[in-house]
**Student:** 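Have a look at this one.
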Amino acid sequence: MRWRVEPSRSMRCDIQVPGDKSISHRAVMLGAVAEGTSRISGFSDGGDNQRTRTALAALGADIRSESPGQLSIDGVGLRGLRQAGGDLDMGNSGTAMRLLAGLLCAQPFASRLIGDASLSARPMRRVIEPLQRMGARISAREGGTAPLEIAPAEGPMRGARHRLEQVSAQVKSALLLAGLYADDVVEVIECGVTRNHTELMLEAMGARISGAPGGRVGLAPPQRLRALSLDIPGDLSAAAFLLVAGALAQRGAVRLHGVGVNPTRDGVLRILTAMGADIRVADERRQGGEPLADLEVHPGNLRGIAIEPEWVPLAIDEFPALLIAAACAEGVTELRGASELRIKETDRLEAMAQVLRTLGVDVEPLPDGIIVEGLGADGRFSGGHVRSRGDHRIAMAAAIAALRSDGDIIIDDCECVATSWPGFAAVLSRAGVLIET
Ligand code: S3P
């Protein structure tokens, strides 16, 4: 699917963005092994989350949807999952595959996790090796990539202390999920702050979690998990595209209600604010342990910055959008310490370097980051023909460049946007940026 995005100077919207993708994955997995019926609202309709839902249904949980975004999950208890009838296809979703590897390696039955071409090229040793140290019998292809073959567990997982080599919430979460089935405490020592959605949800379900993100996080294996009642906050990673679009517009305002602003995840707000964006955060509140707020952004000029290294993991999914902001800023933006971006759905440093160059911006990719020469307040993108490389966030980032473009932006391979936000093109069009398919 190809998009043609028309230049626009106005961005006006007042909406709720889709439910948080990370929290939606966790809600289905943990709801499935809870006792009793979990009631979830705000569940994301993105393809990645639907994969997780389908997998947990195949593993024996009864999951019903009464209306869009509402799920009822009849949990089968920690010991109640049963073998799926075939392969579990995680599509494009790294989070689904890595977290499910943690949950499934502790079960008394075999599972096989497969994914699409992009997911089948992403590194899985980061979860396989620490899970093996807990007693998991899990293997991958020679290069450490999917399919993942998981043999039945021969007994409880072993309690363990893991010192993580990557700053990764997926690895931490996979270990905590295996730790639900351990004979002793599982401890994860992080080398940077990562999102703590798994810990917050486990605590809300009655598990005992110790420590804090970025330090030492411990889980004492629980007897059972209580069912969840959860209204999932809006996804800040989806909101990021509208926040940047709202800042780059000449007219209008973007208002987003009930967006998750968990401080382990809010780097995009910190970075845009440091760049001078006019972002207002109002009515901060909590839902199921998760902080959320209403966000408003108004047009304004941005300045280039050197991005603080400790903000990088807090904004790891938002760099495609942030690099579009950087390209429109006055001066240079420097991103370093972000080599993880090379192993996302695509190599996002390379993909964004190509998008920006095509649109007329000077960039210098680095092994672990990128330097972007901003066009400045009066500068404009040239328009051009770019590729998403099958990565939803690259496609959406290229689309919002239309707010500062003189020419049409043509984007190839846009089906992938449905993995996180099937309604994105419609929302952007209603806000004033026309997208023709
Ligand atoms: C996620 C963690 C991050 C993020 C991903 C979602 C999660 O990945 O990029 O989109 O839900 O735990 P890493 O753990 O690889 O940093």
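As the structure lists them, so they are numbered: ligands from 1, and atoms in each ligand from 1.
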**Student:** Do His392 and Asn92 have a side chain donor and acceptor closer than 3.5 Å?
**Tutor:** no

**Student:** Are side-chain N/O atoms of Arg26 and Ser173 paired as donor and acceptor at under 3.5 Å?
**Tutor:** yes

**Student:** Got the residues with a heavy atom under 4.0 Å of ligand 1, by chain and number?
**Tutor:**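 Residues near ligand 1: Ser22, Arg26, Thr95, Val167, Ser168, Ala169, Gln170, Arg195, Ile316, Asp317, Lys344.
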
**Student:** Does one side chain, of His385 or Asp412, offer a donor that lies under 3.5 Å from an acceptor on the other?
**Tutor:**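 A donor-acceptor contact under 3.5 Å links the two side chains.
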
**Student:** Do Gln70 and Ser65 get their side chains close enough for a donor-acceptor pair, meaning under 3.5 Å?
**Tutor:** no

**Student:** Answer with yes or no whether the side chains of Asp413 and Ser388 bring together a donor and an acceptor at under 3.5 Å.
**Tutor:**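 Not at all, the side chains of Ser388 and Asp413 share no donor-acceptor pair under 3.5 Å.
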
**Student:** With side chain to side chain donor-acceptor pair (under 3.5 Å) as the test, pick out the partner of Asp294 among Gln16, Arg280, Arg285.
**Tutor:** Arg285

